[in-house]
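Report on the following structure.
Values in this document were obtained by computation on a predicted structure and should not be read as measured data. Sequential numbering from 1 along the given sequence is applied to the chain's residues.
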Amino acid sequence: MFLFVARATYAGSLWRDEADSVQSAQLPFGEMVHAVQYSSFPILFPLVVRVHTTLFGAGNVSLRCFGVAVGILLLAMTWLPIRRLTGNAPLLLPAMIALNANFLIAGMSLRGYGFGSLLVLLAFVCTVRLLLNPNLQTLVSVFVADLACVHCLFWNVPLILSMTIGAVGVLLIRRELRWVCLLTGVLIICGLSEIFYWWQFRSSLSGWEKIIQVPVSFALVWQYFLVAWGDISPTISIIWLAVIFVALVGALWRLVRVWRKRQERERDLLLFGILLVPLSIIASYALGMMIQRSPEQRFFLALTILVAATSDLIWANFPLWLRAARIGLVVLAVITVPFLLWNYIIQAESNAETIAKIAGQDAGPSDLIVVNPWTYGVSFNWYYRGAARWVSVPEIDDHRIHRYDLVLNKMETPSPLADVKREIVTTLKSGNRVWFAGQIKRPAPGETQFQLSPAPDPKFGWLGSAYREAWSQELGLFLWRRVREINSVDTRTEKAINARENMLLLELEGWKD
């Protein structure tokens, strides 16, 4: 709990993805549904954020409390229904929630990864209850939980698929074909409910989607999957995975014994766990390969929590001496890991609020603010309340969410920065100032400017990140060669800022003819 509160306290301003979440949640419902294609989250998550901001406001404190609430609910679910299912105090799952940098950073952010993990845990509990006591009430709970899962986080789809296959495997062993059909029907209905999203994404495959697609290999996915278990140290990740591996091996050994003794309850739980762990990992990997996006550790947060919950379910059936070894490992983690996590916890997500406040106060109505790259415009748009006009690089019409389609249109033009340059020249020549926020780059000494042709470039194709780099260098050279005076504005704060969105602010005056 202390780490939850500390993280919420230090997280500070929303970074661009979080600003995307809250601004998409405030869109009219029709636009909100359309905006799903630009996000990692189906319609349920923006609706939840909308309800939260309606009830508690949209200030930083309220939005950071959203993450704390998700963490508390996850721990509550760990110690109430999961403890009741296993008959023992779960230890791996609470440690994976409270002592994992992936959850403390991504899970507690204003994104759907933490809330989606909560729903996965709920679906897991409901599915295990169905196996232990199949009845109409538990089936309805599975249906509701599964449906909520797949409409909160796209990365939950392979996990729900894996849970259903694991449960169906157990039911087939028990020859309960009626429940096999009913559970399969639940999966089919959940799958059909996703058709709208897949239709949106399939339509975008011939459009903007290609600018964020990259070649994905097994090695790349494995790298981020490993980090998802403990970003602070590879050793910690290896220890967690070793515990999972021991659980699977022990479950296989235990399964042979209980099968002979006809201990059906323990047999079913062990078999479900043995099927679920590898299936969920394989299915998540398959989704990562299919979407062809650069993987991130946060994509695998729900997977790590599901696997930890499954491992706790398995460990509860082990002999006392093995459960004692698990206790020792968790106690050691509680003593040591928080100290390793601290530098991650105290790092603010962004300084966009500081930049927007300074620019809003100091920029005159006739000044111009330029934000580079365009992605920073999403968080800047959330915080900026000044009178001066501002544009992004390249200039696009909508900064409430990540409008990749508008950026694609700029990539296809021969002079995507012409309008931004023209406004800069006009502002400076008229005696007003230009405020530059974000990143600015110039080629290293001895190197030529990074230039690309209108998309698709012969070498880089439709790669959006390559165009952002080229645009940054082009604008940087343009400003350094033609602006008379460039002054750096002091934006330092007491908090360390995540390098992912640590923006600088420059004041530009005068024009060299």
Pair Ile188-Leu192, side-chain contact (heavy atoms from CB on, under 4.5 Å): steps then yes or no: CA-CA 6 Å; Ile188 292 173; Leu192 291 175; 4.0 Å; yes
Residue pair Gln439, Tyr376: steps toward the side-chain hydrogen bond (donor to acceptor under 3.5 Å, both in side chains) verdict: CA-CA 9 Å; Gln439 298 177 350; Tyr376 286 1; 2.8 Å; yes
Less than 3.5 Å apart, any donor N or O on the side chain of [X] or [Y] sitting next to an acceptor on the other?
| X | Y | value |
| --- | --- | --- |
| His402 | Thr375 | no |
| Thr138 | Arg129 | no |
| Asn102 | Tyr113 | no |
| Gln37 | Trp208 | yes |

Within the side chain of [X], is there an N or O that forms a donor-acceptor pair under 3.5 Å with the backbone of [Y]?
| X | Y | result |
| --- | --- | --- |
| Asn156 | Cys149 | yes |
| Tyr467 | Ala455 | yes |
| Asp146 | Ile160 | no |
| Gln23 | Ala19 | yes |
| Arg64 | Gly12 | yes |
| Glu501 | Glu349 | no |

For [X], look at atom [atom1] and say whether over 12 heavy atoms of other residues, nucleotides or ligands are found less than 6.0 Å away.
| X | atom1 | result |
| --- | --- | --- |
| Phe196 | CZ | yes |
| Tyr10 | OH | no |
| Gln137 | CD | no |

Thr9 vs Ile346, side-chain contact (heavy atoms from CB on, under 4.5 Å): CA-CA, chis, key distance, verdict: CA-CA 8 Å; Thr9 301; Ile346 63 175; over 6 Å; no
Phe218: ring pair (Phe, Tyr, Trp, His ring centres under 6.0 Å) partners, not counting sequence neighbours: Tyr285
Contacts of type ring pair (Phe, Tyr, Trp, His ring centres under 6.0 Å), residue Trp222, not counting sequence neighbours: Phe225
Worked verdict on Arg403 versus Asp405 for salt bridge (Lys or Arg N to Asp or Glu O under 4.0 Å): CA-CA 5 Å; Arg403 290 294 304 271; Asp405 56 331; 2.7 Å; yes
Pair Leu287-Val157, side-chain contact (heavy atoms from CB on, under 4.5 Å): steps then yes or no: CA-CA 9 Å; Leu287 178 60; Val157 173; 5.5 Å; no
Residue pair Arg500, Asp17: steps toward the salt bridge (Lys or Arg N to Asp or Glu O under 4.0 Å) verdict: CA-CA 11 Å; Arg500 178 177 54 194; Asp17 280 6; over 6 Å; no
Pairs flagged by ring-ring contact (aromatic ring centres under 6.0 Å, His included) wherever residues 152-190 is involved - sequence neighbours left out: Phe154-Tyr197, Phe154-Phe201, Trp155-Phe299, Trp155-Phe300
SB check Arg400 Glu31 (cutoff 4.0 Å): yes
Note, Asp268 side chain near Leu131 side chain (heavy atom, < 4.5 Å): no
